[in-house]
Amino acid sequence: MSKNQVCASLDFGNKNVVIGVPKKGSIDIILNEASNRLTPTIVSYTKTRRFFGVHAQTNQLGHVKGTLFDLKRLVCLKYEDPEREYLSKIVPFSLARLDNGFTGIKVKYNEDTEKVIYPEQCIAYLLKSTFDKIQKSNPQITSLVIAVSPWWTEMHRRAIFDACQIASVPCSALINSTTAAAINYTINHRRKLPEGGSPPANVIFIDFGDSTLNVAVSKLTQNSVEISSFACDEHLGGSHFTDKLVLYLVDRIKEKTNKNKDE
């Protein structure tokens, strides 16, 4: 990384993305069009336009089958994986088997037009839209550092680099979300931590996200971060509670309206 290069950070979550830029020894969070720190990880396709984030969420009811989410869960997801079968029951759009055995998304632009695309293509549009917004806020930003799930394999990480390449977005590095949390804690709470040369403080970080649970044990000083151990559950997150509730409510509605499950 060049000394003159200024990077923004992007926390790529399954439900939202958060954009941070360096500012006088701290991190400044960029607000979206709705003046919120959280921008929905949603991409919407219509016959003539694409939408991202807040605009995609706003247009979701009018373009249900063309509005895509759960993108993080679809990255490098084998079509035969039970997770794909589970997602097929939750999302309103259709999933398809790609030639490489992974899962693609059927994008329905309108009643007559449908196309199968890779999740990386949706993420590329998301990254491009986000990076354009960052540069409008701070033209000095030249690249991104993206926080991803710590349990991701090399294949998952390469998929994100592929998405950056598709979008022509410079990506300096991918960093584990738990490591990013530890670094952020060190920056914001430096005075609470021991100085270099003293025994480090043991701090546990629990990242309960939309799709996964990650726990990391770290050793911190004012000038260093070390992740000493890590554990995760790839199938436990806030969305799993929501999904169960949605399925339950759908079944109750079908019972009350005498609708068959296959209708």
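The other residues sharing a hydrophobic cluster with Leu245 are Tyr248, Leu249, where clustering joins ILVMFWY side chains under 4.5 Å apart. Applying the 4.5 Å side-chain rule to ILVMFWY residues, one finds Ile90, Leu247 in the same cluster as Tyr86. When hydrophobic side chains of Ile, Leu, Val, Met, Phe, Trp and Tyr are connected at separations under 4.5 Å, Leu61 ends up as a singleton with no cluster partners.
The ring pair (Phe, Tyr, Trp, His ring centres under 6.0 Å) search around Phe52 returns none, not counting sequence neighbours. With sequence neighbours excluded, no residue satisfies salt bridge (Lys or Arg N to Asp or Glu O under 4.0 Å) with Arg191. For the side chain to side chain contact (heavy atoms under 4.5 Å, CB included) test, residues two or more places apart in sequence or in another chain that qualify with Ser198 are Pro194. Partners of Thr153 by side chain to side chain contact (heavy atoms under 4.5 Å, CB included), not counting sequence neighbours, listed by chain and number: Met155, His156. With sequence neighbours left out, Asp243 forms a salt bridge (Lys or Arg N to Asp or Glu O under 4.0 Å) with Arg73. Remark: Gln57 pairs with Pro40, Ile42, Gln60 by the side chain to side chain contact (heavy atoms under 4.5 Å, CB included) rule, at least two apart or across chains. With sequence neighbours excluded, the residues that form a side chain to side chain contact (heavy atoms under 4.5 Å, CB included) with Gln135 are Phe131.
Residues Val6 and Gln140 share a closest heavy-atom pair of CB-O, 3.5 Å.
Side-chain N/O atoms of Arg190 and Thr186 include no donor and acceptor closer than 3.5 Å. For the residue pair Ser177 and Asp207, a side-chain donor N or O sits within less than 3.5 Å of a side-chain acceptor on the partner.
Here Glu154 pairs with Arg158 in a salt bridge; the nearest charged N to carboxylate O distance falls below 4.0 Å.
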Can you list, pair by pair, the side-chain donor-acceptor contacts under 3.5 Å of residues 95-104, counting residues two or more places apart and other chains?
residue: Arg97; atom: NH1; partner: Glu80; partner atom: OE2; Å: 2.6
residue: Asn100; atom: OD1; partner: Phe102; partner atom: N; Å: 3.0
residue: Thr103; atom: OG1; partner: Leu77; partner atom: O; Å: 2.8

### Task
Apply side-chain hydrogen bond (donor to acceptor under 3.5 Å, both in side chains) to Ser44 and Asn59, showing your working.
CA-CA 8 Å; Ser44 180; Asn59 288 276; over 6 Å; no

### Evaluation steps, ring-ring contact (aromatic ring centres under 6.0 Å, His included), between Phe51 and Tyr45
CA-CA 7 Å; Phe51 299 95; Tyr45 292 83; 9.8 Å; no

### Task
Could you please spell out the steps behind the side-chain hydrogen bond (donor to acceptor under 3.5 Å, both in side chains) verdict for Ser239 and Thr242?
CA-CA 5 Å; Ser239 63; Thr242 303; over 6 Å; no

#### Entry: Stepwise side-chain hydrogen bond (donor to acceptor under 3.5 Å, both in side chains) check, Thr41 with Asn16
CA-CA 5 Å; Thr41 311; Asn16 297 287; 5.7 Å; no

### Query
For Lys136 and Asp132, what are the C-alpha separation, side-chain angles and deciding distance, and is it a salt bridge (Lys or Arg N to Asp or Glu O under 4.0 Å)?
CA-CA 6 Å; Lys136 286 181 181 179; Asp132 288 345; over 6 Å; no

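Note on residues 204-223: pairs passing ring-ring contact (aromatic ring centres under 6.0 Å, His included), not counting sequence neighbours, are Tyr185-Phe205.
Between Ile123 and Val75, the closest side-chain pair of non-hydrogen atoms falls below 4.5 Å.
More than 12 heavy atoms of other residues, nucleotides or ligands lie within 6.0 Å of NZ in Lys133, so this atom counts as buried by the packing criterion.
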